[in-house]
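Since we're looking at a predicted model, the values are computed, not measured. Proteins come first, then strands; the chains are lettered A, B, ... in the order of their sequence lines, and each starts at number 1.
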Amino acid sequence: MSLAKRIIPCLDVRDGRVVKGVQFVDIRDAGDPVEVARRYDAEGADEITFLDITASSDNRDTIIHVVEAVAETVFIPLTVGGGIRKVEDIRRLLNAGADKVAINTAAVFNPDLVSEASAKVGSQCIVVAIDAKRVSAEGETPKWEIFTHGGRKPTGLDAVEWAKEMVKRGAGEILLTSMDRDGTKQGFDLELTRAISDAVPIPVIASGGVGNLQHLADGVTEGKADAVLAASIFHFAEYTVGEAKEYMREHGIEVRMP
Amino acid sequence: MTQKIAVIDYGMGNLRSVVKALEFVADNKADILLTDKPEVVAAADHVVFPGQGAARDCMQALRNTGMDEVVAEALKTKPFLGVCMGLQVLMTHSEENGGTDLLNLFEGEVRRFPDSFHAERLKVPHMGWNTIREVQQGHPLFKGIHDDSHFYFVHSYYVTPADPTLTAGETDYGVTFTSAIARDNVFALQSHPEKSADAGLQLLRNFISWDGQA
């Protein structure tokens with residue numbers, strides 16, 4: 001037996017409610033985050049990630065209350081991303097019951113935040129979220145660039161180099177999203193996943209593009225990811241987390257069966 | 001009288017999850033007291049000793065708060081549960097921070113995981129769900145937990161007790177390491193029961209009802 005590969009359902013939370021939508025279009029209310037988190041926990045989720053997409057800064061505190069409520073009854077690791085700008089934001093989430101926070105845009109514009117945060121709260125709490133897009137043409141050596149603002153703004157930063165830089169600054173884990181695949185249901189960008197996973201000594205969570213269970217397995221076997229994250233296949237009840245684990249186990253991947 | 005369970009707070013990070021998980025399994029039948037006061041620990045029936053962060057910071061915090069002596073006393077007298085750094089600091093010495101002297105309540109070194117094992121590269125920290133193989137089978141804290149159950153780990157260092165009979169559980173990650181120790185009224189584990197779903201909650205439930213006899 002060895003370290004299990006993790007399956008992480010991701011919940012989009014807006015104003016304290018779970019929302020689902022296809023590529024953020026047609027967003028609908030999908031319930032109480034506590035109930036959804038409990039269901040995923042019961043199905044055997046290894047962690048739960050909450051992505052706070054609250055638009056108004058007036059409602060920023062709602063995610064704190066969500067984390068507090070979930071942490072009362074769900075005893076697996078909880079990660080929160082979205083809107084994190086300062087060490088104080090991180091501290092508040094950890095105190096509310098989060099185990100890790102995912103820093104995305106702020107890491108790009110203020111990489112010192114990653115250094116400062118990991119020194120203060122420990123690397124194990126700091127996930128750096130990387131949104132990458134392929135910028136090489138077909139047939140060229142593959143190359144990916146970091147994009148911000150939901151994949152709209154290029155930064156000029158090379159994704160592999162950026163990942164290494166984040167490790168140097170104390171990141172404990174990388175949450176890697178392919179912006180080319182996100183929402184497409186065509187599977188992870190496996191080449192990207194593999195490139196980042198080979199380049200860094202810390203765990204990599206693959207994200208973006210999962211449409212079926214084979215995609216999850218591919219992320220581990222071909223992408224060399226340590227964990228796989230998916231939102232819509234679990235939200236829309238196409239598959240349960242338990243079915244995903246069963247599938248991965250049948251394909252020779254070690255998973256934790258609840 | 002309601003049973004009192006003291007969770008020792010020596011200023012090393014967030015202990016909310018540990019307290020919440022204990023409250024959840026205690027189900028109002030025990031008081032969970034997060035405390036930095038020696039007299040509260042002394043008056044408690046059970047003691048939980050958590051910890052996170054770097055070895056040197058932990059030791060400094062323990063000495064500054066006087067909790068080093070409180071821990072040593074509790075470890076002799078009551079059902080005692082060490083978690084994560086609360087296991088490591090019971091040992092003699094750690095490789096962390098260029099070498100750090102620990103509480104030396106059990107003889108043993110704390111070592112860092114190798115960066116590679118055979119040709120395979122290991123990711124450090126060891127983060128995620130791994131299994132605990134029960135070495136002291138039938139220990140009361142393993143009651144109702146299947147052998148080789150998965151627990152949640154986050155750590156870069158592991159303990160190597162000088163006395164192999166101290167080992168209660170083992171885990172494989174490149175090396176086979178001691179992931180739980182037990183002796184008399186003391187049990188300590190490297191993983192986080194408060195984040196280990198049903199297996200972890202069962203271990204905490206077992207601890208609460210434990211009389212300290214192995």
[X] versus [Y], closest heavy-atom pair with distance:
X: Phe75(A); Y: Glu194(B); result: CB-O, 3.5 Å
X: Thr131(B); Y: Glu254(A); result: CG2-OE2, 4.5 Å
X: Ser17(B); Y: Asp99(A); result: OG-OD1, 4.2 Å
X: Pro203(A); Y: Pro125(B); result: CG-O, 4.5 Å
X: Val124(B); Y: Ile202(A); result: O-CG2, 4.1 Å
X: Gln124(A); Y: Met127(B); result: O-CE, 4.1 Å

Chain B contact via [X] - which portion, at a heavy-atom distance below 4.5 Å:
X: Lys120(A); value: neither
X: Pro201(A); value: backbone
X: Arg6(A); value: side chain
X: Ala96(A); value: backbone

Exercise for the section: In plain terms, say whether Glu68(A) and Lys20(B) are close enough for a salt bridge, that is, a side-chain N and a carboxylate O under 4.0 Å apart. Expected result: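 No salt bridge links Glu68(A) with Lys20(B).
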
Practice task
Would you kindly say whether Lys123(B) and Ser197(A) are connected by a side-chain donor-acceptor distance under 3.5 Å?
Solution key: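 Distance-only check passes for Lys123(B) and Ser197(A).
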
Practice task
Measure His126(B) against the heavy atoms of chain A and call it side chain, backbone, both or neither at under 4.5 Å.
Solution key: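 Side chain only.
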
Practice task
Examine distances only and state if a side-chain atom of Arg256(A) and a backbone atom of Asn130(B) form a donor-acceptor pair shorter than 3.5 Å.
Solution key: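 No: the side chain of Arg256(A) does not pair with the backbone of Asn130(B).
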
